[in-house]
Amino acid sequence: MKIEKVEFARGIRGTDPILNDTKKHFVFAGRSNVGKSSVINALLSRKDMARSSATPGKTLEINLFLVNDKFYFSDLPGYGFAKVSNKDKEQLVKMILWYLLESGAPIELVFVIVDASVGPTERDMEMIRALIDSNTPYVVIGNKIDKVNKSGRAHYEKELAKKFAPAVFIPFSAEKKIGIPDVLRVLEEKL
Ligand code: GDP
């Protein structure tokens, strides 16, 4: 699949007319600093479409990008951002769960981005549990795989995949451009 056109559609915090659009949502979730914006930008072959959570003043919104006039990439706020107050964190979790479970958005698939060099954290597992409990289809992207020593990588990837099984696990590096066709293939199967 080729990404030919991407436009920022809207940032939402709650119910919005855009949610009545029947185009499928492909959602990107992940802890802050896991490289979520880098992954989205790598998949879109754009430098700065999605903004990093390190960007000052980054809004705490769900950002929807219309891709090829056909489907949405949905960039969730990073969970567990240290610079956000506890009250705001609660709000964020509530908003994410509302969007995934109650908003009525046609969510086709959630890509849960984890740091492959760290492995699943408690935060990652909380998100995955919420997806399992709600029967939401998801795939795990293990970003920053470039940080894992090349010689041991194949074995390491296998062990990591076991931890996420039966979910599909895709080793990825936004920096070294590893795994992009694998993610696009999964996406294409769902279109
Ligand atoms: P976000 O907060 O999840 O959107 O993360 P960013 O995309 O801003 O990335 C956070 C940090 O991780 C930045 O310093 C990136 O350069 C770095 N990073 C992102 N992707 C990769 C990757 O594939 N490999 C490595 N080594 N670093 C990465």
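Whatever order the structure lists ligands and atoms in, that order sets their numbers, starting from 1. In this chain, numbering begins with 1 at the start of the sequence shown.
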Quick check on contacts: which atoms of ligand 1 are under 4.0 angstrom from a heavy atom of [X]?
X: Val34; value: 3 (O)
X: Lys147; value: 26 (N)
X: Ser173; value: 23 (O)
X: Ser38; value: 6 (P), 7 (O), 9 (O), 19 (C), 20 (N)
X: Asp146; value: 22 (C), 23 (O), 24 (N), 25 (C), 26 (N)

| field | By salt bridge (charged side-chain N to carboxylate O under 4.0 Å, His left out) - contacts of Lys162 (at least two apart) | value | Glu159
| said: Which label fits Phe8 and Phe65: parallel for a plane angle under 30°, tilted from 30 to 60°, or perpendicular past 60°? | reply: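 Answer is perpendicular, since the angle exceeds 60°.
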| Between His25 and Tyr72, how do the two ring planes meet: parallel, tilted or perpendicular, split at 30° and 60°? | perpendicular
| Heavy atoms, side chains only, cut-off 4.5 Å: are Phe172 and Ile178 in contact? | no
| task | Report, as yes or no, whether the 6.0 Å neighbourhood of atom CG on Asp69 holds more than 12 heavy atoms from other residues, nucleotides or ligands. | result |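 Enclosed: over 12 neighbouring heavy atoms sit under 6.0 Å from CG of Asp69.
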| request: For atom CD of Glu126, decide whether the heavy atoms of other residues, nucleotides or ligands shown that lie under 6.0 angstrom number more than 12. | output: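 Enclosed: over 12 neighbouring heavy atoms sit under 6.0 Å from CD of Glu126.
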Using distance alone, determine whether [X] and ligand 1 share an N or O pair under 3.5 Å.
X: Phe172; result: no
X: Ser32; result: no
X: Arg51; result: no

| query | Sub-3.5 Å donor-acceptor pair from the side chain of Asn143 to the main-chain atoms of Ser38, do we have one? | reply |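 Here the side-chain-to-backbone pair does not exist.
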| field | Ile113 and ligand 1 - part of the residue with a heavy-atom distance under 4.0 Å | value | neither
